[in-house]
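Accompanying notes for the structure given below.
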There are 2 protein chains.
Amino acid sequence: MKPPRSSRNDVFLKYKLWLSALSGEGIIGEGQYKLLRAIEEHGSLKAASDILETSYRKAWGDIKKAEELLGYDLTEKHRGGKDGGKSILSEKAKTLLEAYDALHKKMDDAIEDAYSDFKETIK
Amino acid sequence: MKPPRSSRNDVFLKYKLWLSALSGEGIIGEGQYKLLRAIEEHGSLKAASDILETSYRKAWGDIKKAEELLGYDLTEKHRGGKDGGKSILSEKAKTLLEAYDALHKKMDDAIEDAYSDFKETIK
DNA sequence: AGGCGATATGTAATGAATCCCATATCGAAC
DNA sequence: GTTCGATATGGGATTCATTACATATCGCCT
């Protein structure tokens, strides 16, 4: 063993939650959630990817993949126009985000409960 | 959009849960859990990594890292001997695995509840 | 004493995910 | 009808996790 960096149980629980296709491929996770929210707020995929400091290329690919897996559009895409183009969340996307929020809240509560028990057992 | 591969909501929720250090590094997740259980069952890290079809190198590194982060040993390691060596779970590791089981059960229940609501919202 | 097989650990090769660059297309506004 | 900036997409470069390989050490057993 290496130097015991700490004798304290300075550990905690983390989790990730995502919507998955039957194939096992992830559809909507934390990343996509943030991306969609950013699109909603800033009005374009470009602005969203800039804000999130990820590449436009990846953001675009993620949205596209999610839409293909879901079988419906998450954004209404517009090229050209005054500002060169824009992206707007579809109604389904908005519903999805709402559901995702509710879901996360539930899981947060559950994990909080579970955590106290966990630490109890672990000491 | 691409051909709508499915008009059905054939999606489901998945989650990952793990014990993390303050630094953010993962300590015990699904992989380590399985690895420790395999060590418990088969008596050596070698056998465990073979069964799990992962490299011995990675398995060994994972255990080592987890032990360093936790500050205590998860396995009693023995080199040499009749079978060349062996690894046995420490008492703390056993307790940890028990707690992890309980935790997962709770989370599974929670996610099951959350899922029905989720599908309800999504339709 | 020597052999065997697992622990222990460094380093090079591989492969997948992501980023970076480049280019095409669109359409409202001027 | 020209300009502008975002959508759209391919392809090469890079980063990062894992595997593969290589080598040393240990200690019971014969």
Side-chain angles (χ1 to χ4, degrees), chain A residues 1-3 16 18 20 23-32 34-36 38-69 73-90 93, chain B residues 1-3 16 18 20 23-32 34-36 38-69 73-90 93:
Chain A
M1 281 292 306
K2 276 297 158 49
K16 280 184 194 292
W18 69 98
S20 167
S23 64
E25 289 179 286
I27 302 178
I28 308 285
E30 202 61 33
Q32 265 87 342
K34 284 183 183 159
L35 181 56
L36 289 170
I39 290 172
E40 182 176 42
E41 185 177 358
H42 297 99
S44 82
L45 183 55
K46 175 73 165 61
S49 59
D50 283 349
I51 289 289
L52 297 178
E53 291 186 317
T54 181
S55 65
Y56 175 86
R57 188 67 181 76
K58 172 161 164 43
W60 175 83
D62 285 351
I63 294 287
K64 184 186 160 102
K65 186 179 162 195
E67 290 178 334
E68 285 179 7
L69 288 169
D73 282 347
L74 290 169
T75 58
E76 294 170 22
K77 303 154 191 72
H78 302 272
R79 285 200 287 198
K82 182 163 71 78
D83 300 317
K86 60 182 176 176
S87 285
I88 297 165
L89 291 195
S90 68
Chain B
M1 280 293 308
K2 277 296 158 50
K16 280 184 194 291
W18 69 97
S20 167
S23 64
E25 291 178 287
I27 302 179
I28 307 285
E30 203 59 33
Q32 265 88 345
K34 284 183 182 158
L35 180 57
L36 289 169
I39 291 172
E40 182 176 42
E41 185 178 357
H42 297 99
S44 80
L45 183 56
K46 174 73 166 61
S49 58
D50 284 349
I51 289 288
L52 297 178
E53 291 185 318
T54 182
S55 65
Y56 174 85
R57 189 64 182 76
K58 172 160 165 47
W60 175 83
D62 285 351
I63 294 287
K64 185 187 161 103
K65 186 179 163 195
E67 290 177 332
E68 285 179 7
L69 287 169
D73 283 347
L74 290 169
T75 59
E76 294 169 22
K77 303 152 191 75
H78 303 273
R79 286 200 287 199
K82 181 163 71 75
D83 300 316
K86 61 183 175 176
S87 286
I88 298 165
L89 291 196
S90 68

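Because the structure is a prediction, the values reported are computed rather than measured.
For the pair B:S20 and B:I27, the tightest heavy-atom approach, listed with the atom from each and the gap, is C-CD1, 3.8 Å. Of all heavy-atom pairs spanning A:A47 and A:H42, the tightest one is CB-CB, 3.7 Å. Here the shortest heavy-atom pairing between B:G26 and B:W18 reads CA-CD1, 3.8 Å. Here the closest heavy-atom approach between residue A:S87 and residue A:T75 is recorded as CB-CB, 4.5 Å.
Note: NZ (A:K64) to P (C:dT18) measures 17 Å, nearest angstrom. Straight-line distance from the CD atom of A:E76 to the C1' atom of D:dT7: 14 Å, rounded to whole Å. Going from atom OH of B:Y56 over to atom C1' of D:dA22 covers 14 Å, rounded to whole Å. The nearest whole Å value for the distance from the CD atom in A:E68 to the P atom in D:dA8 is 12 Å. A straight line from CH2 of A:W60 to P of C:dC21 spans 19 Å, rounded to a whole angstrom. Between the P atom of D:dA6 and the CG atom of A:L45 lies a distance of 11 Å, rounded to the nearest Å. Spacing between atom CG of A:L35 and atom P of D:dT7 amounts to 11 Å, rounded to whole angstrom units. Here D:dA17 presents its P atom at 14 Å from CD of B:Q32, a figure rounded to the nearest Å.
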For B:L69 and B:K65: C-alpha separation, side-chain torsions, deciding distance, then whether side-chain contact (heavy atoms from CB on, under 4.5 Å) applies.
CA-CA 6 Å; B:L69 287 169; B:K65 186 179 163 195; 4.1 Å; yes
Per-nucleotide protein contact string for nucleotides 24-30 of chain C, where B marks a base within reach and S marks sugar-phosphate only (heavy atoms under 4.0 Å, - for neither)
-BBBSS-
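Comparing A:R57 and A:G85 by the nucleotide of DNA chain D whose heavy atom lies nearest to each, the residue mapping closer to the 5' end is A:G85.
Taking every side-chain heavy atom of A:K58 into account, C:dC19 is the closest of C:dC19, D:dT7, C:dT9. The side chain of A:S44 sits closest to D:dA6 out of D:dT9, D:dA6, C:dT9. Nearest nucleotide to the B:K77 side chain, out of C:dT9, D:dA6, C:dA8: C:dA8. Across C:dT18, C:dT7, D:dT7, the shortest atom-to-atom separation from the side chain of B:K46 is found for C:dT7.
Side-chain N/O atoms of B:S87 include none lying less than 4.0 angstrom from OP1 or OP2 on C:dA6. Taking 4.0 angstrom as the limit, B:T54 places none of its side-chain polar atoms (N or O) nearer than this to OP1 or OP2 of D:dT18.
In this structure, the side chains of A:L74 and A:I28 come closer than 4.5 Å at one or more pairs of heavy atoms. Side chains of B:E67 and B:I63 form a contact here, defined as non-hydrogen atoms less than 4.5 Å apart.
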